[in-house]
Amino acid sequence: MLIPEGALIAVTFYVLGVLAIAGGVGLILARRIFHSALFLVLTLVSVAGVFVILGADFLAAVQVLVYVGAITVLLLFGIMLTPQTVQLPDIASPGQAISGALVAAALFVVTVAVVATTAWPRAAPLPLADQPTTNTIAFNLFNTYVLPFEIASILLLVAMIGAIVIAREE
Amino acid sequence: MTLPLCPPAVFICDPFGHARQGLYAVLGAFLPEPIPTVALTVLAIALVLTTVAVVVMSQVWAERRIIAFMQGRLGPNRVGPAGLLQSLADVVKLLMKEIIIPTQADRIPFQLAPLMVLVPSLLIWVVLPWGPGLMVTDLNIGVLFILATGAIPTIGILAAGWASGNKYSLLGGMRVAAQLISYEIPMAIIVLVPVLLAGTMSLQGIIDAQSDIWFVLALPVGPIALFLFLVAGIAEVNRSPFDLAEAESEIIGGFHTEYSGMAFALFFLAEYANAFAVSAIASTLFLGGWLGPILPPFVWFFLKAYLVFFVLIWIRGTLPRLRYDQFMASAWKVALPIALVTVGLTAVQITLHAIPGGAGIQ
Amino acid sequence: MPSELPPLYPIGLQHGLVLGAALFAVGMAGALTKRNAIAILMAIEVMLNGVMVTFVTFARHIPGIDLGGQIFAMFVLTVAAAEAAVGVAIIITVYRLRRTISVDQADTLRG
Amino acid sequence: MSQVAWIIPAAPLVAFLAIAFGARRSPVASGWLTILGVLVATVVSFVVLGEALAGVRVDQTYAWLPVPSGPAFPLGFQVDPLTATMLIVVSTVSLLVQIYSVGYMHGDAGYARYFGFMALFTMSMLGLVLANNLLAIYIFWELVGLCSYLLIGHWHERPEAAQAAKKAFIVTRLGDFGFLVGIVFLFAQTGTLQVSALANLAASGGLVDPALTVGILLVFAGAVGKSAQFPLHVWLPDAMEGPTPVSALIHAATMVAAGVYLMARTFPILEHSPTALTVVATVGAFTALFMATMGLVSTDIKRVLAYSTASQLGYMMLGIGAGAMAAGMFHLVNHAFFKALLFLCAGSIIHLVNTNDLFEMGGLRRWRPVTFVAMTVAALSLAGIPPLSGFWSKDEILGAAAGVHPVLYLAALVTGFLTAFYMFRAVFLAFAGTSRGDAHAHAEPASMTIPLLALLVPTVVSGFWGAPFLGNPFGAFLEGYGEGHGLAATFHFDVAALSTLLGVGGVLLAWAMYGGGNLHRGRAVAARVRPLYEIVANRYYVDHVYNWVAGRLVLGIAWLASQFDQTVVDGVVNGIGTVGVASGATLRRVQSGQVQLYAWVLFAGVVAIAVALVLPMLTGGRV
């Protein structure tokens, strides 16, 4: 092969990774909240692509379905229901911005340091072949992780009722 | 009575497959991998896009003619034979018109929105199976992929409505968003019926599972599921009677009020592409897809898809538009419970092996 | 086929982890610096995405977990959905009460 | 009964508490409660005296404030001849003064309060007498000082009274401070405050010079303050602003005598320090003469008596300093009776003429014959005319002084002469001749007359207790105390004759100048020695000096101290407070309600912890 498949995948990964981070940065730097939301969509979709590369196609679809289709739309609704009559500078004071960025950068550096210095087990990754993840996920979700699953269900129920109660106009 | 299938070895039964093999052989003789593969993929995409364009134009023509017939009119009949070229003329006209961007618009999202709506519509075509092995890619999460891509246009519509800087556009956008979210839930649930019956989310797998019996005939859940799917599907593609997003009498043109020229054409294109996609998916999930005797599979595919689309046109010509609150209430209070009950019933039936041809769970 | 190319998957564990850390850090920077409450929610979603990437990377590279990483990513997603729902509800309520969603001005709990 | 001698102070204490916690609503009940309490104390005191005469000695010590592995601070009481004698003096005089007060203070607005404090004073004084260690003595010492302050300022609405009370309190505090330092010093030196233990140490050589001298002189400083010895004498004349019975009890008979008692009590220590003895004797002699001269020119009858009191206290100090402790104590006892009698007499005539000024009296003999007789007898006793009590004790002191140093002897002799003169000057001015004021006859209540008569008895007879020709039973009684430096059983005929002659001479001189109620002769004499007269009348300007010192020096130092307090001390305190407030204000910002700030802190903490965990990992190789 002129271009190895692994290289294609690597390039795709890097592109998607850069897009995801760029979306996050754009989210921060965007002056308008709506642009931030669009950058968020970019990040979410890119992450979904990363999931595909990492062999989590089911999760990628769910990511798009739930994050893009539901959560982002919800956030956009939030934006539209709270019109910003006064256009505030969305970034906080320089001090807060710099300190926040510093802490974030520090955390990133520390994490990368840990990742770089940890002696990971040199296990081969699972084969990327069209291995259906759906069945495995479903099976484990309803066996090993059935308790978290139920808790998550209750969490969703509570969140739904809570959101309705909070947001409902008397 | 079982009619013989069109054998794939016959060229007419699988012209695309034969063409692909031939082209691959020719290209592979001169060029190293992966150039032939990539070239063929590009060709396939071009084919799909062309098909989409042709399909949409045919849809528009068919819709206008059929509606006109239902309303006792003639419809377009000047351009080309029986007005067949009317759509092409419209496309040319739209291409030549200026894209007007309102001064108070948010430019980048305004221009991005049509693409955000159109691209997912085209992406859905990636997994639509025209025949055995005849699709861009057969994802094993095909159904989920369709649902996921179907969710993205919501963002585009909201972006269009918001970026237009027009309150009618905004309201239209929000209406669509609410509508899409509301109907996505019964939709996502009801597609579980064929998924459960087939035991896979791969669209090819679902069609294979229907070789004995179409899922629409898997009583009693099949017809209910198909009906609900069509209702939700119509809502998802904003067609009458659920076309509240662009209700001219209420909020002008909805989210694309401010769009003109090619930008508007993209929304238009996406809308019809989606409508056809819904028809095709419905036929795939419930009507056996390309399955059919004698005729080539891709013919069956388009035949069934157009049949479903005809039903959509029929519905449009027949039913009045719903009021918004009725519409939303029907999503949460009618469609969702029915969908849940149907899925539950399906699961029970499969567990009891009570459905003929049901693959059941592993 | 050149043999010096890595025989295995070229994207290693570290790649995914670094990407996850980067997303988390970027989201954190946003959560700490934005003033619009909704923007903060979005930034938190980015952070959660970083976590999900990390989970999925581990699920891919550490065998014998039965895709537990992906399952946990789904739980993260669930939590994110719940958080967004409640968060938006709160923001809308705050907006109704105070006509602003700037977190600077939502300081009723100030000591 | 001696075993439960604590009843003696307890009885007036009960009276005081009863008055303080309710009985004060009824003045009459308050008065009788006090009298009852003091009566009980008096009766018990007599019983105790009888037992003491029979040889009973008690020394009870109770643990108080036990400090684990630290110094012990026991409290206790003792009954010995010294105590028994003082108990009799204090309780008897107190009882009679209380009875007298019923009439004297009748109708006073602060009647109940007066009696309450009187009860408290009596309790304190009796406790002071009973206490067997310096710490307890000091506690009661301060209590009597407090009562003195409260009672001098009984009519506190009068600025002079309030001033006098403050002056008395502050001046005595100077001495008290020395006393306190002395106590601490002695405790640091010996580890005990038991008087008997200290005496034993002094006798056995466990407490030697210079510590002994320093310690005892510091204690003497307290006595100087309390007994109005030079240079802390200035408060006593002013203390006459208090009610006359208070002057009689506190500022004549008991409290001021506490200093003398203290020196007698500590005499077993004092006698081992010749230096201290000399100091005590010198201070006593000087005070005696010094105060006597001031008595010559005073026109206020109470002040005359006050100068006389200080002078006589100096006499007692002289006796003790001369080594004749028993003589000093003997004079204390006698003096207590006749000086109390003199004050009560003064109160009687003041009650009559409503003035203290001798020059506004005259001819009072007609209205107060009993008072006249009593006062004349008491004055004769004070003048040292035999066979009255003052003669015997004065003679002892003179004898002792003669044996120590001629100057002391001379000073004592001159003092005797002056004493006779100024006392009879006062008597003649008050009673002889015709009235110069507006005396209007009104009958004296029996409660005032009876104490006069009652006090007349010991004034006449108490001297015989120590009379040499009776074998000096008082000296024998005190023989067991100390090391036998008691009262010599000898009678110095030459001394007695000389002092008697001088006493008679003083009386005659007074008669010559003031007899018949004439004032012009006295005034003529005063005019002739005008500068000297002025000096004496202004009390040698001691008060002026003190006021200057207090006003300039002390207030200057006080100003400096105040500045120090306000800037440095307050600065430190305020600084601490400011630090607290500022840090609170700073920390308050942390509680800003800004969720992002909280999140920032959270993540910063995470980073910090992560760094703390990672750094060793990075430097220490693989995990």
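Each chain gets a letter, A, B and so on, in the order the sequences are listed, and its residues count up from 1.
- Per-residue counts of heavy-atom pairs under 4.5 Å with chain C were compared for A:A116, A:G162, A:A152; the largest is that of A:A152.
- How far CD1 of C:I90 is from CD1 of A:I166: 4.5 Å, rounded to the nearest 0.5 Å.
- Here A:I71 is the residue among A:I98, A:L107, A:I71, A:I151 with the most heavy-atom pairs under 4.5 Å with chain C.
- For A:F149, the parts lying near chain C are the backbone and the side chain together; criterion is any non-hydrogen pair under 4.5 Å.
- Note on A:A104, A:G23, A:A56: by heavy-atom pairs under 4.5 Å with chain C, the leading option is A:A104.
- Annotation: the span from C:M42 atom CE to A:L44 atom CG amounts to 10.0 Å, rounded to 0.5 Å.
- Listed here is the closest heavy atom pair of C:A82 and A:A159: CB-CB, 3.4 Å.
- From C:I71, atom CD1 reaches atom CG of A:L141 across 5.5 Å, with rounding to the nearest 0.5 Å.
- Between A:L54 and C:R60, the shortest heavy-atom distance links the atoms O-CD, 2.8 Å.
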Going through the checks in order, is the side chain to side chain contact (heavy atoms under 4.5 Å, CB included) test met by A:Y67 and C:N49?
-> CA-CA 10 Å; A:Y67 253 127; C:N49 265 272; 3.5 Å; yes
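- For the residue pair C:Q70 / A:N140, no side-chain donor-acceptor distance below 3.5 Å is found, with atom types taken as modelled.
- Test A:V114, A:V115, A:V112 against C:L17 for side chain to side chain contact (heavy atoms under 4.5 Å, CB included) and you get one pass: A:V115.
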Would you sort out whether A:F108 and C:V18 count as a side chain to side chain contact (heavy atoms under 4.5 Å, CB included), showing the intermediate values?
-> CA-CA 8 Å; A:F108 178 67; C:V18 170; 4.2 Å; yes
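- When the candidates C:V86, C:T57, C:V56 are compared by the number of heavy-atom contacts under 4.5 Å with chain A, C:V56 comes out ahead.
- Looking only at heavy-atom pairs under 4.5 Å with chain A, the residue among C:V26, C:V79, C:V46 that has the most is C:V26.
- With a 4.5 Å cut-off on side-chain heavy atoms, A:F51 and C:V53 count as touching.
- By the 4.5 Å heavy-atom criterion applied to side chains, C:L19 and A:I21 are counted as neighbours.
- Separation of atoms CD1 (C:I38) and CE (A:M80) is listed at 10.0 Å; rounding is to 0.5 Å.
- For a residue to count as touching a neighbouring chain, one of its non-hydrogen atoms must lie under 4.5 Å from one of that chain's; by this rule A:A37 touches chain C with backbone and side chain alike.
- Only the side chain of C:V88 comes within contact range of chain A, with heavy atoms under 4.5 Å apart.
- With a 4.5 angstrom heavy-atom cutoff, A:L75 touches chain C via backbone and side-chain atoms both.
- At a threshold of 4.5 Å between non-hydrogen side-chain atoms, the residues C:M52 and A:V47 do not count as touching.
- C:F75 and A:Y145 have perpendicular rings, their planes meeting at more than 60° on a 0 to 90° scale where under 30° would count as parallel.
- Of the inter-residue distances, the one linking A:S36 atom OG with C:I40 atom CD1 reads 11.0 Å to the nearest 0.5 angstrom.
- Remark: side-chain polar atoms of C:K34 are not paired, donor with acceptor, to backbone N or O of A:L29 under 3.5 angstrom.
- If you measure heavy-atom distances from A:V50 to chain C, the contacts under 4.5 Å come from the side chain alone.
- In terms of heavy-atom proximity, A:L59 sits nearest to C:M74 at CD1-CG, 3.2 Å.
- The two residues A:L156 and C:A81 come nearest to each other via the heavy atoms CD2-CB, 4.4 Å.
- To the nearest 0.5 Å, atoms OG1 (C:T78) and CG (A:L155) are separated by 7.5 Å.
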